[in-house]
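Remarks on the structure that follows.
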Amino acid sequence: MHRRSQFILRRHLSHLHFHSGEPASHTFPRSIPPPCSTAISFRVCDSIPPMATFGLADYDDLLRGCTRRRAIKEGRVIHAHMIKSHFVTSVRLANRLLVMYVKGGSLEDARQVLDGMSQRDVISWTAMMSGYSQHGRSFEALEQLPRMLRTGATVHRRRLGSADVDSVAYLRGNGQLRHLESSGCLGSPEAPQMVNIRSILPNEYTLATVLPSCTGHSGQDHGRQIHSLAVKSNFDSHMFVGSSLLDMYSKVGEVKDARRVFNMLPHRDVVSCTAIISGYAQSGLDEEALKVFQQLQREGMECNYVTFVSLLTAIAGLAALDFGRQVHGLVIRSELLFYVVLDNSLIDMYSKCGSLKHSRRVFDNMPERSVISWNTMLMGYGKHGLGREVVQLFKSMFREVKPNGVTFLAVLSGCSHGGLIDEGLDIFGYMVSDQRLKPEIGHYGCLVDLLGRAGRIEEALDVIKNMPYEPTSALWNSLLGACRLHAKISIGEVVARKLLDMEPDNASNYVILSNIYAASGRWQDVARVRESMKLKKLTKEPGRSSIQLDKVMHIFFSSDRSHPRRKEIFDKITEVCERIKAAGYVPDLSCVLHDVDDEQKESILLGHSEKLAIAFGLMGNACRESIRITKNLRICIDCHNFAKYVSNVYQMEISLRDSSRFHLVAGGACSCGDYW
DNA sequence: ATAGGGTTAG
């Protein structure tokens, strides 16, 4: 390279530091900058003399530097210079450019490079797919795979000498090829020959890259096709491909297939184990997730923060506080603290296990918080019915982060659960007018819930009618719950019929409708609904909630029959329960426990399984507020979470596997005002 | 020059 031109180019790029002094690791994962404009800047390099010549190695060096530092602007200057000086490039160098744009997040530029290449190899395609995949552009990522496989058609090729196809200009689209041809750069100008180039096959990199894009409706279809490609090319037991495969299967809901792939792996590493843990956790098979982790521990495998994040999700699902605390201890000992994502998971785990104190402690000790940290904390308060804390925390988050859509979901549902009707309405207005966020259907759902709980059914109905979305069945269900709670029989009937129209095969809709008829004494209508249920063969589901308080009691005591004060406690609980029922409220075991004095409560909790204790401990926090709300506003507490714990308990104690039924019964019963 | 697992909400 000429000294002078080297000097000139370096001076243009003088603000870049191409020495290797990069900090090795970052405490927080660094995000990729947003895509840049697609225009390749010719203007910037106008002052670089076009006669300046650089060698392949020089460009290679410069582009590598740009890629590493995500210096896309400077990369563009180099790219433009390559074009201007008619540099004959190679596939290798074109790939450098492509990767530079991909890593810099400028996918449109990368695509331009790819499409302009007259010759591409598996790396070119993989790099492009990686770009699309990492930016959530799954469709485009997958789209490249058949394009790549089709490339092996017959092509014109001139004799190129030793440099072979690598020397073909990739810049055909920019008119470079003609120039190269006329200047004789492409070897002796003999007649072009037709050459068959073999189809470019995916390698292990390609497969591992595209598999995460197999999501959504056709995800499983695509995933299985790619799996078969992997089998054909013998990459299906490759560690990277395998963990992508098993992750793909668990994400499309085929955990069994995920496990099959996991078992086929030649060995296990942290990533594949984490993938299966996360798969189990996401499918609700929390105990399976824990088992894998325990096995991992026994094998002495080193965990990283992603493993813990996945594990904490499973622990949160089980409400296993003690185990969660142990894992928190492990996290501290692994010196993995101060990963925002990990701390967020800890906050969530503690709040779902009922220990808001611990949640808050983690939250307060974070050196840096993301919007998810705030949202998780807000959710925690909301689920426990602590509306005031929700609003207070919401007000203080602005100095640190900007709230997003999920924030408002958390705050609105927090207000709803906490009985803060006017505050909730204010915040919805604030969201729309001040924050200029377009409410999603979920936000309208919160609004409906908020108004419904307060008995403002007509207003809730207005919201549904005027919102710019088609109401979902969940939304109608929420309104229906409110109708039952406030004895709005006529609106309730309309809503229930609507639900039945939307989901004619959902047994619980028949149950709801017949309950409404029963509530207004229309027994003939009840019989008609039951009859149509029978015709549809939907009668297997219980007609009413089959979980009775006394059954819970039975299980509650069966695990500790020898407790000295068993009888006394039982009597006390029964008495309180009767009192609540007599007052016209729905008894909830957690409310009952609240009224038992501390010593008795402790003796109950101590003698029983961890899950049960935690479940009640959690609702003990929540019910303080809910009893107040129930009494002041005559609205029912939200039992969604509690239903989850009850189902856990039941599964454990009487080994009933059908948890969805318990969710349905326990959750449905609460919103319908039935006794469980 | 290309590669795998992660957090809130419903």
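Per chain, numbering begins at 1; letters A, B, ... match sequence-line order. Bear in mind that the values here come from a model prediction, so they are computed numbers and not experimental data.
Distances shown here put a side-chain N or O of A:K251 below 4.0 Å from the OP1 or OP2 atom of B:dG6. Close to B:dA3, at under 4.0 Å from its OP1 or OP2, lies a side-chain N or O of A:S130. OP1 and OP2 of B:dT2 both lie 4.0 Å or more from every side-chain N or O belonging to A:Q144. At the phosphate of B:dT2, OP1 or OP2 sits under 4.0 Å from a side-chain N or O atom of A:K103.
Classification of the A:F394-A:F408 ring pair by plane angle, with boundaries at 30° and 60°, yields perpendicular.
Candidate nucleotides B:dA3, B:dA1, B:dG6 were compared by shortest atom distance to the side chain of A:Y205, and B:dA3 ranks first. Here the nucleotide nearest the side chain of A:A208, chosen from B:dA3, B:dG6, B:dT8, is B:dA3.
Residues A:R224 and A:Y249 are in side-chain contact: their nearest non-hydrogen atoms beyond the backbone lie under 4.5 Å apart. Residues A:L229 and A:L145 have side chains in contact (heavy-atom distance under 4.5 Å, counting atoms from C-beta outward).
Between A:M301 atom CE and B:dG5 atom P the separation is 17 Å, expressed in whole Å. Atom P of nucleotide B:dT7 and atom CZ of A:F363 are separated by 19 Å, given to the nearest angstrom. A:F240 has its CZ atom 6 Å from the C1' atom of B:dA3, to the nearest Å. With rounding to whole Å, A:D449 atom CG is found 10 Å from B:dG10 atom P. At whole-Å resolution of the value, CE in A:M129 and P in B:dT2 are 15 Å apart. When the P atom of B:dA1 is taken as reference, atom CG of A:L98 falls 14 Å away, rounded to whole Å. Distance CG (A:L336) to C1' (B:dT7): 15 Å, rounded to an integer number of Å.
The ring of A:F338 has its center no closer than 6.0 angstrom to the ring center of A:Y305.
Of the residues in residues 258-265 of chain A, not one places a heavy atom less than 4.0 Å from an atom of DNA chain B.
For A:L265 against A:S237, the heavy-atom pair with the smallest separation is CD2-O, 4.3 Å.
In this structure, the side chain to side chain contact (heavy atoms under 4.5 Å, CB included) partners of A:P146, at least two apart in sequence or on a different chain, are A:R150.
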